[in-house]
Undergrad: 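Let me give you the structure first, and then I'll get to my questions.
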Amino acid sequence: LFSGKFAIEFYAVSIFQDAGGNIDEYLSAVMIGCIHLLGSFLFLPMVKRYSRKLLLVTSSLVMGLSLILLGLYLFTQSHDLLPALSDMKWLPLACIILYMLAAPIGLCSIPFMYVAEFFPAEMRSIMGGLTIAISNVELFIVVKTFPNIENLLGDYGVYWVYASSCICAIIYIIAYIPETKDKDLAKDE
């Protein structure tokens, strides 16, 4: 959730206005929604074929790299560096499309699957509800703090903060998240 996905969805129109691309910002927002839907459809066969950890790490990596590149583009625009990069007006949209395609394939879907897999059956309803409630509070915090972080760190800085969250998620996933694909959940309880 601290990857910024919901902030980017909520503020998509202003993000494209700030990026200065030549694509209509409202059309860009609709395209983001369609790309997110496509990523959700891709998730279904991928979760059956690949391990959950692989999908989580890959999704986090693609999301993090997309945000780093988006931040770099916005940084070069505001500081007149790397004019070749600043001339790529399509780059912000491409970064956000790639980000939104990767989000539902792992980092923004699989954690909700773990709610059913990690908690014992007798605690699943209470702990699942609590987990979703906490995730909604985090969603609220991310969306409400986006403009403040953007004002504090600049438009590029906010994306680098979200990218660092994605990179930290990779480390956390590798170190602490167990693989549950093809495991017998009844045996683990």
Side-chain angles (χ1 to χ4, degrees), residues 1-74 88-116 131-147 149-150 155-156 158-170 172-173 177:
L1 289 173
F2 290 109
S3 65
K5 176 189 168 287
F6 293 105
I8 291 172
E9 284 180 348
F10 278 66
Y11 294 102
V13 172
S14 65
I15 289 168
F16 285 109
Q17 287 173 337
D18 294 343
N22 55 3
I23 299 172
D24 179 67
E25 56 270 357
Y26 294 100
L27 177 62
S28 300
V30 171
M31 288 173 54
I32 287 171
C34 292
I35 294 298
H36 188 262
L37 181 64
L38 176 63
S40 297
F41 285 136
L42 290 173
F43 169 73
L44 297 172
M46 291 178 87
V47 77
K48 291 180 184 252
R49 182 173 183 161
Y50 301 107
S51 74
R52 288 161 175 48
K53 281 181 84 162
L54 177 65
L55 291 175
L56 280 168
V57 168
T58 304
S59 172
S60 299
L61 181 65
V62 170
M63 291 169 68
L65 292 176
S66 297
L67 291 176
I68 289 169
L69 190 56
L70 177 60
L72 183 63
Y73 172 84
L74 294 171
M88 297 180 186
K89 301 294 184 195
W90 53 268
L91 190 61
L93 182 60
C95 289
I96 292 177
I97 286 174
L98 191 57
Y99 174 88
M100 284 297 174
L101 189 62
I105 291 175
L107 192 59
C108 295
S109 297
I110 292 177
F112 294 103
M113 291 175 62
Y114 281 141
V115 167
T131 302
I132 301 301
I134 290 169
S135 107
N136 284 326
V137 169
E138 292 170 349
L139 181 151
F140 174 77
I141 291 168
V142 168
V143 170
K144 291 304 277 182
T145 59
F146 177 84
I149 296 171
E150 189 176 38
D155 52 358
Y156 51 87
V158 71
Y159 300 114
W160 288 341
V161 168
Y162 294 149
S164 66
S165 176
C166 292
I167 302 306
C168 288
I170 293 171
Y172 181 80
I173 292 161
I177 301 295

Undergrad: Measuring from L139:CG to I132:CD1, what's the distance to the nearest 0.5 Å?
TA: 11.0 Å
Undergrad: Please name the pair of heavy atoms, one in G71 and one in Y156, separated by the smallest distance, quoted to 0.1 Å.
TA: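 What the structure gives for the nearest pair is O-CB, 3.1 Å.
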Undergrad: Do you know which two heavy atoms are closest between V142 and G4, and how far apart they sit?
TA: CG1-CA, 4.1 Å
Undergrad: Check the pair E9 / M100 against side chain to side chain contact (heavy atoms under 4.5 Å, CB included), numbers first and verdict last.
TA: CA-CA 9 Å; E9 284 180 348; M100 284 297 174; 3.3 Å; yes
Undergrad: Do F2 and V161 have side chains that get closer than 4.5 Å, going by heavy atoms?
TA: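 With C-beta onward as the side chain, the pair stays apart.
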Undergrad: Does the side chain of L101 come within less than 4.5 Å of L42's, by heavy atoms?
TA: yes
Undergrad: Pairs of donor and acceptor atoms involving the side chains of residues 91-99, under 3.5 Å and at least two apart or interchain, shall be tabulated with distances.
TA:
{"unit_1": "Y99", "atom_1": "OH", "unit_2": "S3", "atom_2": "O", "d": "2.7"}
{"unit_1": "Y99", "atom_1": "OH", "unit_2": "K5", "atom_2": "N", "d": "2.9"}

Undergrad: Distance check, rounded to the nearest 0.5 Å: F6 atom CZ versus I141 atom CD1?
TA: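 Answer rounded to 0.5 Å: 13.5 Å.
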Undergrad: Which atom pair, heavy atoms only, marks the closest approach of G39 to P104?
TA: C-CG, 3.5 Å
Undergrad: Output the distance between atom CD1 (I68) and atom CH2 (W160), rounded to the nearest 0.5 Å.
TA: 9.5 Å
Undergrad: For residues D155 and E150, report the shortest heavy-atom separation together with the two atoms involved.
TA: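 Taking every non-hydrogen atom into account, CB-OE2, 3.6 Å.
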Undergrad: Measure the CD1-OH distance between I167 and Y162 for me, rounded to the nearest 0.5 Å.
TA: 16.0 Å
Undergrad: Looking only at non-hydrogen atoms, find the nearest pair between V47 and L44 and report the distance.
TA: CG1-O, 3.4 Å
Undergrad: Y159 versus L69: any side-chain heavy-atom pair under 4.5 Å?
TA: no
Undergrad: Considering all heavy atoms of both residues, which atom of S60 and which atom of A169 are nearest to each other, and what is their separation?
TA: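 Closest approach of S60 to A169: OG-CB, 4.1 Å.
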Undergrad: From the options T58, I105, L55, select the one residue that forms a side chain to side chain contact (heavy atoms under 4.5 Å, CB included) with Y50.
TA: L55
Undergrad: What's the separation between atom CG in L38 and atom CZ in F43, rounded to the nearest 0.5 Å?
TA: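 So the gap between those two atoms works out to 14.0 Å.
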Undergrad: So do L56 and P111 actually touch side chain to side chain, heavy atoms under 4.5 Å?
TA: yes
Undergrad: Atom CE of M63 and atom SG of C108: how far apart are they, to the nearest 0.5 Å?
TA: 4.5 Å
Undergrad: Step by step, would you call R52 with Y114 a side chain to side chain contact (heavy atoms under 4.5 Å, CB included)?
TA: CA-CA 10 Å; R52 288 161 175 48; Y114 281 141; 3.4 Å; yes
